Every structure is written in C-alpha cells, then in structure tokens.
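A quick write-up on the structure given underneath.
Here is the naming used below: chain letters follow the sequence lines, and residue numbers restart at 1 for every chain. In this text, all values refer to a predicted model and were calculated from it rather than measured experimentally. Computation of the quantities below employed the complete heavy-atom set of this structure, encompassing side-chain atoms and omitting hydrogens, waters and symmetry-equivalent molecules.
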Amino acid sequence: MVSVSDVPGAQGLSKDQLRELYYKMFLARSVGERERMLNRMGKGPFAVTGEGHEATQVGTAFAMTPGKDWALTYYRDIGVALTLGMTPRDLLLAHLGRAESIESGGRNMPSHFSSVDLRIVSGSAPVATQVPHAVGIALASKLRGLDEVAVAYFGDGAASVGVVHESMNLAGVHRLAVIFVCENNQYAISVPASKQAAITDLSIRAQGYGFPGVTVDGNDVLAVYSAAKEAVERARNGDGPTFIEAKTYRLVPHTSDDDDRRYRSREEVEEWEKKGPLIRFRTWLEENDVASASEIDEIEAKAMAEIDAATEYAEAAPTPDPATAMRHVFVEEE
Amino acid sequence: MVSVSDVPGAQGLSKDQLRELYYKMFLARSVGERERMLNRMGKGPFAVTGEGHEATQVGTAFAMTPGKDWALTYYRDIGVALTLGMTPRDLLLAHLGRAESIESGGRNMPSHFSSVDLRIVSGSAPVATQVPHAVGIALASKLRGLDEVAVAYFGDGAASVGVVHESMNLAGVHRLAVIFVCENNQYAISVPASKQAAITDLSIRAQGYGFPGVTVDGNDVLAVYSAAKEAVERARNGDGPTFIEAKTYRLVPHTSDDDDRRYRSREEVEEWEKKGPLIRFRTWLEENDVASASEIDEIEAKAMAEIDAATEYAEAAPTPDPATAMRHVFVEEE
Amino acid sequence: MAEKTMVEAVRDALCDEMRRDERVFVLGEDVGGGGVFRATDGLRDEFGEDRCMDTPLAEAAIVGAAIGASINGLLPVAEIQFADFIHPAFDQIVSEAARLHYRSNGAWSCPITVRTPYGAGIHGGPYHSQSIEAFYAHVPGLKVICVASPYDAKGLLKSAIRDPNPVMFLEHKKAYRLFREEVPDEDYTIPIGVAATKREGNDMTLVTYGLMTRYSLEAADVVEGDDGTSVEVIDLRTVSPWDKECVLESVRKTGKALIVYEDNISGGFGAEVAATIAQDAFEFLDGPVTRIASPDVPLAPYSSVLEEQILPNPEKIADGIRKLAAF
Amino acid sequence: MAEKTMVEAVRDALCDEMRRDERVFVLGEDVGGGGVFRATDGLRDEFGEDRCMDTPLAEAAIVGAAIGASINGLLPVAEIQFADFIHPAFDQIVSEAARLHYRSNGAWSCPITVRTPYGAGIHGGPYHSQSIEAFYAHVPGLKVICVASPYDAKGLLKSAIRDPNPVMFLEHKKAYRLFREEVPDEDYTIPIGVAATKREGNDMTLVTYGLMTRYSLEAADVVEGDDGTSVEVIDLRTVSPWDKECVLESVRKTGKALIVYEDNISGGFGAEVAATIAQDAFEFLDGPVTRIASPDVPLAPYSSVLEEQILPNPEKIADGIRKLAAF
Ligand SMILES: Cc1ncc(C[n+]2csc(CCOP(=O)(O)OP(=O)(O)O)c2C)c(N)n1
Ligand SMILES: Cc1ncc(C[n+]2csc(CCOP(=O)(O)OP(=O)(O)O)c2C)c(N)n1
Ligand SMILES: [Mg+2]
Ligand SMILES: [Mg+2]
C-alpha cells in the first residue's frame with residue numbers, strides 16, 4: 001500500500017518513505033563505519049563494508065516486499081540487509097562472530113547476511129555463486145504459482161564469472177522473476193573496470209539473454225528505486241527478468257585487509273565522496289522540503305543510538321560454545 | 001597468396017580454390033558417412049560426425065593459414081580438420097582407435113581432432129572447455145609478437161556454458177586475435193534452440209564483450225568464408241576478436257548412440273536437406289561455370305577413392321599395444 | 001514383481017517420487033526427451049515440461065538452480081548427463097550445496113539430489129568413463145551413493161530424494177542394462193549409509209561398491225570353487241557416510257581386507273576404507289590391507305585393448321584374492 | 001643469504017624465473033598490484049603489464065587461458081587468489097590440464113603452474129581456509145606440491161615452473177609470514193616428489209606436510225622432552241607424486257606410523273599415505289596406522305573458538321604421539 005506522494009520527482013514515495021529511505025542509507029553507512037572501527041580496535045578480525053553503495057542497495061531493496069521477495073546478497077550488501085529488516089544488532093553479532101548471530105552463529109564470515117524470515121539467503125564468499133540460486137528460487141516460484149521476486153546482487157568483478165552468464169541465460173529462457181543487480185563500483189579489489197570488461201555499460205549484456213538491461217546512476221537513490229520498482233513490477237507480472245547495473249563507487253578499502261592507496265588516488269576517492277549518495281540525498285531532501293536539516297540530524301541521531309545499543313549488546317553476547325562446532329554438517333533428525 | 005578471381009560473387013577465390021572448397025566439403029561429408037557406416041558394421045564402437053555443417057566448417061577453415069593459425073575444434077569438426085590438412089586416413093585411424101592415430105593413438109574418442117604440425121589442438125568431450133585455450137593461445141601470440149590467429153569452434157549448446165562468457169570477456173579486454181565460431185545447428189542433442197536461449201541470434205552477445213558479432217547463413221560456404229576472411233584479417237591486424245554465428249543444421253543423429261526421430265520430424269530434416277550446403281554449392285558451381293557436372297563427379301570420385309584407400313589402410317592398422325596404456329600420463333624425461 | 005534393468009529402476013523411482021510428492025521435479029540436459037540413457041523416459045508426458053525440464057547446456061546453472069529451487073520449497077533432482085561433465089558444477093556442489101546448512105548454523109538447508117551416470121567399461125574414452133565419488137566423499141555435508149544394481153537403485157534413489165541433505169547419486173552406466181533383477185513395484189527405501197553383505201565368508205573381507213561388486217562376487221565364486229577360499233563381499237552402496245561398523249565387524253572376523261574399486265588407486269575412496277581398517281581393526285589383521293583399483297591413468301582410454309589393460313576385472317580381482325589369501 | 005618469509009621467497013622465485021626465462025609470465029586477479037598477499041609485489045614494475053597480468057574475475061578462464069598460453073610456447077604461472085575459489089576451474093584443471101598429454105598420446109603438453117594460498121588458522125571462515133590437495137592428488141597427470149616454509153617454497157616453485165607438466169603449487173597462507181628462514185639468494189631447486197626428513201627418530205614415523213610439519217615438529221619436541229619418545233618427522237612437500245620410499249623405509253625402521261594433516265580426515269590425502277603403509281609395510285607395523293586431521297566439518301568456522309576446536313594443533317598432535325607410542 002504505497003501512499004501517493006506530492007513530492008515532485010519522488011517516484012511516488014511519501015515524505016515518510018523518503019525519510020525512511022534516508023534513515024536506512026545512513027544506518028547502512030554507519031553500521032559499516034562501526035564495523036571498521038571495531039575491527040581497528042581489534043574486536044572483530046575482519047570487516048567488509050559498503051560505504052558508497054547505499055543508494056544502490058537501499059534503493060533496490062526498498063522496491064522489494066520483505067519476507068516475500070528473496071534477496072541473494074553478497075558481502076557488501078549491508079544496506080540491502082538493513083532495508084529488508086535485519087537489524088544493526090544482527091549485523092554486529094555476526095561481525096563479532098557471536099553464538100546468537102542469526103547469520104551463522106559465528107560460522108560464516110561477517111557480512112554474509114542471512115535471515116530465513118526475511119528471505120535473505122545465506123551466502124558464501126566465492127563471488128557470483130548466489131546468482132543461479134536466485135534463478136532456481138524464481139523457477140520454484142513459477143512452478144508453485146507464486147508471485148515472488150528473487151533479486152541477485154553482485155559486483156562488476158563478479159559479473160565476469162561464467163555462472164552469471166549461465167544464470168541469466170536460464171532466467172531468460174524461462175522468463176523468470178529474477179532481477180540481476182550489478183553494483184558496479186568500477187573496481188574488483190584493485191582491478192579497474194577497464195581490465196574487467198571491454199565495454200562501459202555491463203547492462204547491455206542483458207540483450208544477449210532476451211530481457212531488458214538498464215544502467216542507472218547508482219548514487220541517486222531515487223533513480224535506483226525507480227528502476228528497481230519497474231523491474232519488480234515486470235517480474236511480478238510474469239514478464240521476466242531485468243538486469244540493473246548501478247554505477248557507484250566504494251569509498252572505503254575493499255576490506256580491512258586492503259590498502260586502496262596502492263591502486264587509486266586520494267583525489268579520485270575525494271571526487272567520488274563529493275558525489276556520494278548520502279550527501280546527495282540529504283541535499284535533495286532539504287531542497288524539496290521533505291526534511292529540514294534538524295529533522296535529518298534527528299534521523300541520524302536515532303540511527304546512531306540504535307547502533308550504539310547494538311554494539312553494546314553484541315560485545316556482551318557470548319561467543320559460540322566450542323562443543324557445537326561439529327553440529328549442522330547434516331540436517332539433524334528430530 | 002590468394003589469386004584474384006574473375007568469378008562474380010566468389011569472394012576473390014579462384015576457380016581452383018572454389019573447386020578445392022567443394023572437394024573439402026564433399027570429403028567431410030563422405031568421411032562422416034563412412035564413419036557412420038563403419039560403426040553400423042560394428043567396426044568402430046562410436047561415431048560422431050558433422051553432415052550438414054560442411055559449409056560452416058570448410059568455409060571458416062579455408063580462411064585460415066594452416067600450420068600458422070590455431071584451431072580449437074569440437075567433435076563435429078571433421079570439415080575443419082580436413083580443410084586444415086588432416087587426412088581421411090588420420091580420421092579413420094582415429095575412428096578405429098588405431099595405435100598409429102595422430103589424434104590420440106587410441107586414447108581419445110574419435111573426432112577429437114589433433115595435429116601438432118597443423119596446430120589443431122587435441123580436444124576433449126566436455127563442451128566449451130577449448131574456448132579459453134584459444135584465448136590463451138592468442139594471448140601468447142600477442143606476448144610473443146606473432147600474428148597468428150586462434151579459432152575456437154563450438155555449438156549452440158556449448159554457447160550456454162559459463163567459460164564461453166569468461167573467454168569472450170577476456171579476449172575482448174585484451175583485443176586478442178581470436179575468432180569464436182558458433183556452429184548453430186539449432187539443437188543440442190534433443191534440446192532445441194528455443195530452450196537453449198531466449199534470443200535468436202547468438203552473435204549479439206559479442207556486443208557485451210566489446211567486439212563485433214555476425215550471424216551468417218552457415219549453409220552458404222561463400223558467405224561463411226567471407227565472414228571468416230574478414231575476421232581473420234581483423235584479428236591478424238590487431239583489431240581483436242570476432243564472433244561468427246553460422247546458422248546451420250545437423251542432418252544426421254547427434255551420434256551413433258542417438259535416435260533423432262525422438263525429437264524432430266522427418267519433414268524438418270528433409271526440409272533442411274534441400275537447403276544443404278553441398279547441394280547448394282554444387283548448383284552454384286555449375287551455374288557459375290566453375291565446374292561442370294562431370295567435373296564435379298570427378299572431384300567426388302577422387303574424394304571417395306581417397307576415403308576407400310584410407311579405410312583399407314586404417315582397418316589393417318594395428319590396435320595399440322596394451323603395454324603402452326600407462327605411458328604419457330606425465331611427460332617422459334629424455 | 002518384475003525383473004528390471006537398473007535404468008528402468010531409476011526411472012521408476014523418479015516416477016514414483018514425482019507422483020508421491022509434487023515438490024519433486026527433474027531438470028537437466030535432454031531429460032525432457034527421456035535423457036540419453038532413457039532414465040527420464042515418459043516423465044515429461046506424465047508430469048509436463050515444468051516438472052521434467054530441459055535446461056540449457058550449463059552444469060553449474062543446473063546445480064545452482066536446483067539449489068535455489070530447494071531453498072524455495074521444492075525437491076529437485078538434477079541430472080548431469082555424464083559424471084565427466086559435472087566438473088563445472090564442482091563449485092556449486094562443494095561451496096554451496098555442501099556448506100549452506102553448516103554456514104547458516106542450520107537455518108537453511110539444501111535437499112537436492114544430483115544424479116549422474118559414472119564409470120568405465122563402455123569404450124567411453126577419458127570423458128565418458130570417470131569415477132567421481134572420491135571427490136565428493138571427501139566433502140563434509142554431502143551424501144554420496146554409488147549404485148550398480150536395479151534393486152538398490154530404486155530403494156536408494158527414493159531415500160536420496162527424501163533426504164533433507166544434498167545427495168550425490170552415482171549410477172554406474174555399464175550396469176544400466178547389464179542385467180535384470182527383481183524390483184518390487186511397491187514403495188520401498190534402502191537406508192543411506194548402510195552396506196549390504198552380498199556374500200558371507202570367513203577367510204577375507206572384500207569391500208567394494210558400484211560395478212566392482214558384481215565383478216568381485218564373480219571372482220569370489222571362482223576362487224572358492226578353485227581352492228575353497230571363503231570371501232565375504234560387502235557392497236558399501238553409500239560411500240559417504242559409509243558403513244564403517246559393518247566393514248570393521250567383518251574384518252575383525254576374517255582378519256583380512258581386500259578393497260576393490262574401479263577408480264584410480266591413489267586417493268580413491270578405497271584409500272579411506274583401507275586407512276580406517278588399518279587404524280581401527282589393526283589388532284585383528286593377519287595380512288596387509290590390500291587394494292585393487294585402476295592404476296593412475298586418466299580413466300579410461302578409448303581403445304578397448306587399452307581400456308581392458310587398465311580397469312579391474314574379475315580375473316584381476318581373483319588374483320588379488322589368491323595373493324592375499326596366501327599371505 | 002638472508003632470512004625471508006615464505007611470501008618473500010615465493011616472490012623471489014617468481015622474479016628469478018621471469019628473469020631467467022622470458023617465457024614465464026604470471027596472470028591472475030590483482031596480481032598486477034602485487035596480489036592480496038603481495039606474492040607478486042614489484043613484478044609489474046619490472047616486467048610490465050603483459051608479463052604480470054591482471055585478469056577479469058574468472059577462475060576457469062584464468063586456468064583455461066594459462067593452458068592455451070602453455071600450448072603456444074609460454075610458461076604461465078596462474079595465481080588463484082584463494083584455494084577456496086579454485087573450484088570453478090576444476091573442470092579446466094581435471095579435464096584439460098591433467099589429460100591433454102595423455103589423451104594426445106604425448107603429442108601436446110601443458111607446462112602450467114597454478115599457485116594458490118590454502119589452509120586455515122587465520123579466521124578465514126569456510127571460504128578462506130580450505131585444503132584442496134586431496135582433490136588434485138587424486139587426478140593422474142597433475143603434480144601437487146604443498147609448501148609451508150620459505151626455503152622449500154623457493155626451491156619447489158622453481159621446479160614447478162620448469163616442470164613440463166601441470167603443477168598445482170599450494171602455499172599455506174598461515175605460513176606466509178609466520179616465520180623467517182635462511183633462503184639462499186642464488187638459484188636452487190628442490191626436486192618434486194622428494195620428501196624431507198625434518199627430524200630423525202626411532203619410535204615412530206610421523207608423516208605430514210604443509211603447516212602441520214611445523215606443528216608436528218613442535219609436538220615431537222615436547223613429547224620427547226617429556227618422556228623420551230623419539231619421533232621421525234617426514235615432510236612430504238610433494239603430495240603427488242609422493243615419496244613412498246622415504247616413508248616406507250622410515251616405517252620399516254620405527255614400526256609405527258602417525259599421519260598428520262590439516263584437511264578433513266575422510267578421504268583426505270593422508271588416507272592414501274595410511275593405506276599405502278598398511279599395504280606395503282604391514283609386516284613391520286607394531287601399532288595401528290593412525291591419522292590426526294580435522295573432523296569432517298566444513299573448514300573452517302569463522303569464530304576462533306570454533307576454529308580451534310576443529311583444527312589439529314601441536315597439543316592434539318602430541319596427544320596422538322603419546323597414544324600411539326603407548327600402544
Ligand atoms: C570466485 C572468487 N574469486 C576470487 C575471489 C576473491 N575476491 C573477493 S572480492 C573480489 C573482488 C570482487 O569485485 P566485485 O565483484 O566488483 O565486487 P566489489 O567488491 O567491488 O563490490 C575478489 C577477487 C572471490 N571471493 N571469489
Ligand atoms: C559440459 C558438457 N555437458 C554435457 C555434455 C554432453 N553433450 C555432448 S554433445 C551435447 C550437445 C552439444 O550441443 P551443441 O553445443 O549445440 O553442439 P552440436 O552437437 O549440436 O554440434 C551434450 C549435451 C558434454 N559433452 N559436455
Ligand atoms: Mg566492484
Ligand atoms: Mg547444436
């Protein structure tokens with residue numbers, strides 16, 4: 001039930017929804033920052049976060065119906081996970097490898113999002129392996145007569161992997177309700193776009209599978225949302241897949257083990273920071289009288305409070321019981 | 001050194017070359033038929049042949065420089081192998097699994113062409129695995145400063161395999177001298193084109209890798225030759241890869257183990273027989289006064305004589321010595 | 001009850017399970033038309049294209065899509081046309097199917113079955129002859145079954161489809177039509193992980209699986225007829241998890257163990273059986289734990305003279321029995 | 001001669017070989033910038049982008065292109081960023097690299113080296129911790145090396161690059177910077193297939209490789225200090241082809257064999273070692289051939305408490321030594 005909006009250019013989103021959008025984006029940014037901080041403090045051995053990808057992640061996930069549609073995420077998708085309903089507490093419990101983590105109880109690396117209730121499917125680290133799962137999920141939806149949509153997220157590097165081709169082809173043949181979201185941040189660790197592909201817009205590949213591909217400004221949350229909404233409608237109506245390429249930029253090193261100064265200049269990063277999705281959307285909200293500066297500050301304060309509370313909770317939560325290490329290799333019989 | 005032709009529409013080929021083209025096509029057709037016959041007679045346990053693909057195979061290979069350019073073939077490519085210089089004897093020795101077979105000495109299945117001298121690289125049965133080899137060969141040519149071209153052959157089914165995507169992408173990034181030849185016979189065993197891809201012309205996929213793709217009538221040997229010649233020139237000049245999709249039809253069952261009546265009508269096969277590459281080219285040769293009916297009969301007789309002699313030779317040739325079965329797992333030190 | 005070939009038994013199991021449970025569906029290359037071995041014959045007619053689905057030629061996507069479909073409530077049975085062509089799906093099987101349950105702390109599971117014909121002896125050359133069980137039996141989270149008889153095929157395939165875990169179901173292709181056997185029409189299952197003692201004996205325990213079961217039984221009969229050596233033959237049927245207790249109990253009785261497998265000897269699954277016996281039945285052994293398998297050569301050369309040279313057969317097994325018995 | 005870490009030794013070997021022979025080049029993800037472990041640091045500066053080539057993210061194509069380049073006269077060294085990500089290239093390695101020479105009756109060959117960091121103990125979770133040697137040691141036509149020391153890394157990587165066959169070169173990532181060792185600046189090679197007896201002993205033979213060599217030596221010292229048990233420790237270094245003679249000779253001397261490996265126990269490479277000893281040194285054994293390895297759980301859970309629970313370590317090895325010694 002989307003309320004009709006009177007904000008021009010808001011893609012039909014109400015003021016509340018627009019503020020919610022900003023809230024999720026800010027939350028995503030700040031959870032990422034918190035995780036990197038905890039890592040630097042020696043509390044979590046590893047951090048992989050998505051600062052810079054907020055518009056792409058939150059904008060696409062905002063077009064989904066949580067708990068009905070399926071998300072096949074990858075390690076950078078903090079914004080997707082939070083938008084669909086995972087909490088900072090969930091993510092920080094995973095970050096610290098706590099027993100209570102719904103992602104994995106400390107088994108998987110952090111940022112390998114998972115929630116059965118929210119239909120965020122547990123992912124792995126080898127990139128692109130989740131893409132055929134989205135196709136299979138959509139195949140099952142079709143066989144079962146359900147109007148769910150499956151969304152597969154992956155990077156510009158992952159787009160080079162063979163199984164992405166196989167998956168898009170299969171989805172095309174059966175006109176499945178899958179959306180392929182490529183978060184093109186122009187690097188795969190240190191490898192720049194020019195060494196990853198000879199073309200500029202990866203979305204043209206969709207033509208080779210018989211469904212539409214669009215390239216959007218991945219730092220413009222409303223543009224991303226609009227493309228995703230259209231793709232969700234198409235999929236839900238049985239009109240098949242869409243490939244959405246969102247051009248964005250990772251503002252932080254690849255992971256806590258990476259030093260991005262080795263492969264890109266500080267000027268380049270600063271240039272992109274100026275075009276960053278948060279600052280852009282904040283300006284837009286203010287200029288279109290959706291939220292005043294002080295209202296936005298309140299939104300941010302609320303997010304930070306949630307993260308602080310989550311951090312405290314997660315730090316106090318117990319680590320896994322070593323005696324459980326052998327469980328769940330196979331499904332346990334009742 | 002291509003002699004300039006005065007035959008209109010002959011793509012610059014001389015009369016001798018045009019007759020040679022027909023000779024190779026007829027030879028390919030007849031070697032295939034012979035292999036299937038030997039199989040039915042219980043002499044070779046398995047036959048996989050390419051009747052119907054002659055224009056595609058001979059037309060592309062005719063544009064290559066044998067022994068300089070590289071061919072990465074698949075099991076259907078009898079016409080490629082013969083055009084580049086393998087002999088009916090080579091193929092029949094392989095068909096019968098003889099010790100002397102230069103393909104494999106009885107180790108590989110027949111129709112897994114191989115000749116070090118002719119740069120026809122030994123292939124395997126899993127489809128599409130040879131495609132990245134072509135890319136790697138071309139990469140080496142580039143690193144070594146050589147103007148060789150590598151041609152990878154594969155079917156419409158094989159085109160769905162992930163490594164084809166990976167290979168085309170890599171070739172595109174480095175603008176390598178590779179030609180991807182897809183012999184689209186509209187079936188992968190029993191699976192028709194419509195279940196293999198949602199698009200009609202697979203060649204449009206080349207756009208997704210930044211190089212040209214063309215679809216040609218794969219039963220028109222001159223059209224195929226022309227496309228291949230252009231692609232070879234482009235590759236040789238350092239202008240990168242080309243994807244050639246040749247639309248053709250397999251006139252025989254997939255292999256000696258297949259019964260194609262299960263999945264396609266006799267009418268369909270007959271329709272395509274009428275459009276077959278041999279009959280079409282023969283008519284063209286006659287109509288354009290390149291060869292008279294009796295000259296063509298002579299060409300065919302010569303081919304048959306060669307095949308008969310080869311059959312006799314191969315049948316008499318010894319099978320491998322069982323004591324050699326363990327050799328060549330590793331390179332033998334001198 | 002009728003006499004059936006193994007490929008008929010496989011087909012029956014698929015058909016039964018598809019009738020029983022509408023979550024079951026098959027997918028793979030050419031399965032719609034019945035498959036190259038006819039294991040899915042007639043299923044498209046009865047269940048439609050959706051439940052007997054021809055896929056594009058793409059093994060990683062076949063397994064990957066099966067995983068996805070299983071996540072969304074179905075029970076997919078993926079056919080890989082030949083075991084030799086499963087390698088592009090290795091990542092999906094090893095990284096995804098096998099690890100999903102563990103990595104999610106038990107939250108998600110992956111009840112897929114991957115069926116594929118494996119094994120040599122049909123002049124298939126090095127790409128239609130491979131044994132692949134050793135790769136998968138080494139991966140925690142997978143169950144791996146090797147069948148070579150009609151009765152076992154039906155009962156175990158049903159168990160595989162109903163199992164809540166990913167199961168690799170390997171069908172020895174030479175056994176597809178090699179012989180017929182009584183196969184009950186009614187529903188029955190054979191538990192995964194339970195071996196079958198196919199022949200009782202006292203002088204030696206012969207542990208095997210797949211087509212080698214048949215060859216081993218033949219060899220055991222020949223040797224017993226010749227010199228009275230009494231060989232107990234155990235068909236593991238499931239190689240992961242395998243029935244250690246059955247094997248150890250027998251070895252404790254006979255004091256000797258011969259392990260026979262078709263795959264390359266080094267690092268083949270029989271190495272695990274031998275190592276387990278050597279550790280857990282050491283005090284009972286009165287002869288070396290012995291293996292008979294193919295030498296370390298790509299399986300298998302096309303030429304039948306070469307192929308015969310490489311593969312184990314009843315004669316080679318009989319020789320092995322005699323040699324170990326004489327120890 | 002300088003003290004070096006293993007990752008430095010790897011880099012030195014690559015650099016040396018690239019200087020020696022212009023056919024050698026490296027390709028892989030991020031290798032241009034030095035690689036995520038810095039094993040290719042500085043190579044692009046010295047040899048240019050063509051000989052230190054960043055590839056798209058596509059493991060099958062990396063190995064496949066390496067195969068092709070080797071066919072056309074070069075000596076490619078492909079880097080797979082983590083062993084856990086090699087699975088998409090399984091087909092290229094198993095179907096192509098390993099079989100090209102055999103299937104062509106020796107006409108074609110494939111002198112590639114595939115380097116990759118493997119192994120656990122760095123909180124890498126189930127996708128940055130895997131051991132993969134068992135898969136590849138089972139495949140005829142491949143050579144497989146596992147290194148965990150600077151000296152061995154340099155000498156064996158040079159041999160691998162010069163070898164006319166495809167070689168899998170597995171570098172234990174926890175050993176990359178764990179310790180320094182004297183590594184000669186000059187050119188030297190260590191022969192593939194030859195084990196190193198790292199510690200002499202009489203009471204027991206401990207066979208191991210990779211990081212477990214270090215842990216086993218530690219454990220052997222502790223136990224000898226405690227109760228005088230004298231353990232001979234053999235580092236296989238190459239797991240295929242492996243140095244059977246060295247191992248068998250030692251077991252014939254000591255009468256006891258303990259095999260230690262990090263990988264999952266079932267179907268791990270140690271099973272092959274155990275099976276071989278059980279068969280070929282049976283008459284010399286006065287205790288069960290014993291294995292210590294990780295239990296059959298995806299390697300390895302991320303949480304360090306879980307990870308420690310699973311992986312072998314010096315204490316667990318010492319316990320194993322004591323138990324076998326007491327037999
Ligand atoms: C199959 C595979 N190969 C290599 C890696 C190592 N790796 C982790 S992330 C990464 C780069 C991925 O780049 P991209 O897909 O663009 O996503 P981004 O990190 O830029 O969001 C690489 C190479 C991996 N995880 N999986
Ligand atoms: C990876 C792989 N999967 C399956 C097979 C079994 N198989 C052999 S040929 C074939 C169909 C190939 O079709 P296509 O590529 O169109 O070539 P065509 O035979 O039509 O010339 C299949 C599925 C195989 N050889 N390799
Ligand atoms: Mg990226
Ligand atoms: Mg075809």
Side-chain angles (χ1 to χ4, degrees), chain B residues 70 72 99 101-109 112 114-116 119 121-126 128-144 146 148 150 152 161-174 176 178 320 324 326-333, chain D residues 22-23 25 27 48-51 53-76 78 88-89 91-92 94-112 139-143 163-167 192-193 240-241:
Chain B
W70 298 79
L72 289 292
S101 153
I102 63 162
E103 283 184 16
S104 78
R107 283 161 152 70
N108 223 348
M109 269 194 165
H112 286 55
S114 172
S115 162
V116 171
R119 297 196 159 177
V121 181
S122 163
S124 63
T129 52
Q130 73 282 15
V131 180
H133 304 170
V135 175
I137 286 171
L139 188 63
S141 302
K142 188 178 173 196
L143 264 57
R144 299 174 64 190
L146 304 170
E148 313 154 348
V161 179
V163 79
V164 174
H165 162 77
E166 298 188 0
S167 301
M168 295 212 277
N169 187 44
L170 181 58
V173 169
H174 293 279
L176 299 176
V178 191
T324 64
M326 312 266 296
R327 287 188 57 189
H328 303 308
V329 176
F330 291 108
V331 173
E332 292 171 4
E333 312 290 335
Chain D
E22 62 174 22
R23 295 173 303 167
F25 77 108
L27 74 168
E49 285 204 346
D50 275 353
R51 290 184 66 201
M53 180 181 288
D54 274 341
T55 63
L57 204 172
E59 280 75 11
I62 291 171
V63 175
I67 293 170
S70 81
I71 286 171
N72 196 1
L74 298 185
L75 297 174
D91 193 30
Q92 283 295 324
V94 171
S95 295
E96 300 301 321
R99 282 174 147 77
L100 175 62
H101 192 65
Y102 188 78
R103 78 180 180 225
S104 66
N105 206 21
W108 295 97
S109 61
C110 179
I112 65 168
V139 178
L142 297 178
K143 298 190 176 181
D163 197 280
N165 299 287
V167 182
I192 296 175
S240 184

Do you know which of [options] has the most heavy-atom pairs with chain D at a distance under 4.5 angstrom?
options	result
B:Leu170, B:Leu139, B:Thr129	B:Thr129
B:Arg327, B:Lys142, B:Arg144	B:Arg144
B:Ala150, B:Gly123, B:Ser115	B:Gly123
B:Val163, B:Ile102, B:Val121, B:Thr324	B:Val121

Ranked by heavy-atom pairs below 4.5 Å to chain B, first place among D:Met53, D:Arg51, D:Glu22 goes to D:Met53
Contact leader toward chain B among D:Pro166, D:Ala107, D:Gly106, D:Ala66, where contacts are heavy-atom pairs under 4.5 Å
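The option with the most such pairs is D:Gly106.
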Heavy-atom closest pair, residues [X] and [Y]:
X	Y	value
D:Trp108	B:Ser114	NE1-OG, 2.9 Å
B:Asn169	D:Pro56	ND2-CB, 3.7 Å
B:Val331	D:Asn165	N-OD1, 2.9 Å

Go through the structure and list residues passing side-chain hydrogen bond (donor to acceptor under 3.5 Å, both in side chains) with D:Ser95, not counting sequence neighbours.
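Only D:Asp91 meet the side-chain hydrogen bond (donor to acceptor under 3.5 Å, both in side chains) criterion with D:Ser95.
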Would you compute the distance between atom [atom1] of [X] and atom [atom2] of [Y] and round it to the nearest 0.5 angstrom?
X	Y	atom1	atom2	result
B:Glu148	D:Asn72	CD	CG	5.0 Å
B:Glu166	D:Ile62	CD	CD1	8.0 Å
B:His174	D:Thr55	NE2	OG1	7.5 Å

Tell me, for [X] versus chain B, whether the close heavy atoms (under 4.5 Å) come from the side chain, the backbone, both or neither.
X	answer
D:Leu74	side chain
D:Leu142	backbone
D:Ser104	both

Donor-acceptor pair, side chain of B:Arg107 and main chain of D:Asn105, under 3.5 angstrom:
no
So do the side chains of B:Pro132 and D:Ile67 get within less than 4.5 Å of each other, counting heavy atoms only?
no
Identified side chain to side chain donor-acceptor pair (under 3.5 Å) partner of B:Ser122 from the options D:Arg99, D:Glu96, D:Arg103
D:Arg103
Test side-chain contact (heavy atoms from CB on, under 4.5 Å) on D:Gln92 and B:His133 and set out the steps.
CA-CA 10 Å; D:Gln92 283 295 324; B:His133 304 170; 2.9 Å; yes
Measure up the B:His328 and D:His101 rings against each other and bin them: parallel (under 30°), tilted (30 to 60°), perpendicular (over 60°).
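Because their plane-to-plane angle is over 60°, the rings of B:His328 and D:His101 count as perpendicular.
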